[in-house]
Amino acid sequence: MGKWKICCLVSAILVVIFVLVSVTLYFTLFKPKRPKIILQSVTLENIQLVFPDLKGNITLGLTVTVDNPNYGGFKYDNGTAYVHYGGNLVAEAPIGEDSISPRSKHNISTSVIIFADKLVVDSNFWSDFLRGAFNFTSSTSLHGKVKVFNIFKLKASSSSDCNISVFLLNQTTDSVCTYNIKL
């Protein structure tokens with residue numbers, strides 16, 4: 001009978017130690033961390049404008065990096081990047097669903113075609129055109145799940161808002177972004 005008490009006591013102590021170590025690891029090392037969306041580059045791929053009707057388009061190439069700092073994978077759903085000019089939606093770019101390996105970065109590239117006829121309706125268009133620079137804002141968000149060892153699962157969303165300046169004369173761009181992350 002004494003051996004059973006010792007065996008049960010040792011088993012209970014081992015279970016308590018295992019639970020304490022597991023909880024400690026979850027709240028420290030394996031705690032799901034926020035994925036980050038970083039706008040790496042905005043490039044001016046093409047400008048096609050036809051005068052005097054002012055038809056055509058401007059094609060911007062976007063490269064976004066999703067940084068997954070977790071010890072588990074991040075799988076995100078389909079998303080969309082929106083581009084506004086003067087408060088009006090002028091372009092959308094789809095971002096297909098994908099997954100990112102643990103503790104890695106993943107580049108997402110897409111092209112955004114901005115149609116000139118959507119720009120002309122803004123009252124500041126001609127002054128921006130004569131100045132040789134257009135100021136756009138873009139917003140992107142990704143929603144998904146962070147999984148650690150396929151045991152712990154947490155919903156996550158990450159968004160970015162960017163101010164993008166397109167300079168017509170030298171065909172370059174400049175951008176400044178802010179990021180918001182929710183778990």
Side-chain angles (χ1 to χ4, degrees), residues 18-47 57-115 118 133-168 170-183:
F18 176 75
V19 168
L20 288 174
V21 168
S22 297
V23 169
T24 303
L25 286 175
Y26 175 76
F27 285 111
T28 56
L29 185 61
F30 299 125
K31 180 181 179 183
K33 297 168 186 73
R34 298 174 175 177
K36 298 176 187 172
I37 296 177
I38 303 162
L39 182 66
Q40 292 296 334
S41 68
V42 178
T43 57
L44 188 59
E45 293 180 351
N46 190 15
I47 295 179
N57 61 55
I58 299 171
T59 304
L60 298 176
L62 301 175
T63 301
V64 177
T65 298
V66 180
D67 183 3
N68 179 19
N70 293 291
Y71 285 93
F74 177 57
K75 182 176 181 180
Y76 57 91
D77 301 326
N78 290 331
T80 306
Y82 299 98
V83 179
H84 293 82
Y85 174 72
N88 298 317
L89 180 66
V90 294
E92 296 180 14
I95 299 173
E97 80 174 47
D98 205 349
S99 60
I100 303 170
S101 301
R103 301 188 59 79
S104 67
K105 294 181 181 181
H106 182 69
N107 286 334
I108 302 168
S109 296
T110 189
S111 292
V112 177
I113 300 173
I114 301 169
F115 294 99
K118 290 187 177 183
F134 289 100
N135 295 314
F136 298 96
T137 57
S138 72
S139 59
T140 306
S141 64
L142 294 176
H143 303 280
K145 291 183 181 179
V146 175
K147 296 180 183 179
V148 179
F149 298 126
N150 287 329
I151 298 171
F152 305 113
K153 297 177 184 177
L154 185 65
K155 290 183 180 181
S157 66
S158 183
S159 62
S160 67
D161 295 305
C162 300
N163 293 320
I164 303 168
S165 297
V166 176
F167 303 102
L168 299 177
N170 56 4
Q171 296 189 356
T172 60
T173 60
D174 187 28
S175 62
V176 177
C177 299
T178 58
Y179 309 100
N180 185 20
I181 299 153
K182 295 180 183 177
L183 289 176

| request: Give, for atom CD1 of Ile113 and atom CG of Asn46, the distance between the pair rounded to the nearest 0.5 Å. | output: 9.0 Å
| request: Find out whether Asp98 and Ile108 are in side-chain contact, i.e. whether some heavy atom of one side chain is under 4.5 Å from a heavy atom of the other. | output: no
| said: Evaluate Ser165 against Asn135 for side-chain hydrogen bond (donor to acceptor under 3.5 Å, both in side chains), listing each step before the verdict. | reply: CA-CA 4 Å; Ser165 297; Asn135 295 314; 2.8 Å; yes
| field | Shortest non-hydrogen separation from Asp174 to Phe167 and the atoms involved | value | CB-CE1, 4.0 Å
| request: Mind listing the closest non-hydrogen atom pair of Ser111 and Glu45 along with its distance? | output: OG-OE1, 3.2 Å
| Taking every non-hydrogen atom, the tightest pair across Ala81 and Thr140 | CB-OG1, 3.5 Å
| query | Between Glu97 and Asp77, which heavy-atom pair has the shortest distance, and what is it? | reply | CB-C, 3.7 Å
| field | Where Leu89 and Ala91 come nearest, the two heavy atoms and their spacing | value | CD1-O, 3.4 Å
| request: Would you give the length of the straight line joining atom NE2 of His106 to atom OG of Ser101, rounded to the nearest 0.5 angstrom? | output: 9.0 Å
| said: Can you tell me how far apart CG (Asp161) and OG1 (Thr178) are? Round to the nearest 0.5 Å. | reply: 5.0 Å
| How long is the gap from NZ on Lys105 to CG on Asp67, to the nearest 0.5 Å? | 5.0 Å
| query | Which class fits the ring pair Tyr85 and Phe136: parallel under 30°, tilted 30 to 60°, perpendicular over 60°? | reply | tilted
| Smallest separation among heavy atoms of Ser141 and Ser159, with atom names | CB-CB, 3.8 Å
| note | Interatomic distance, OG1@Thr59 vs CZ@Phe115, rounded to 0.5 Å, equals 8.0 Å
| Reported OH-to-NE2 distance for the pair Tyr76 and His143, which is rounded to 0.5 angstrom | 13.0 Å
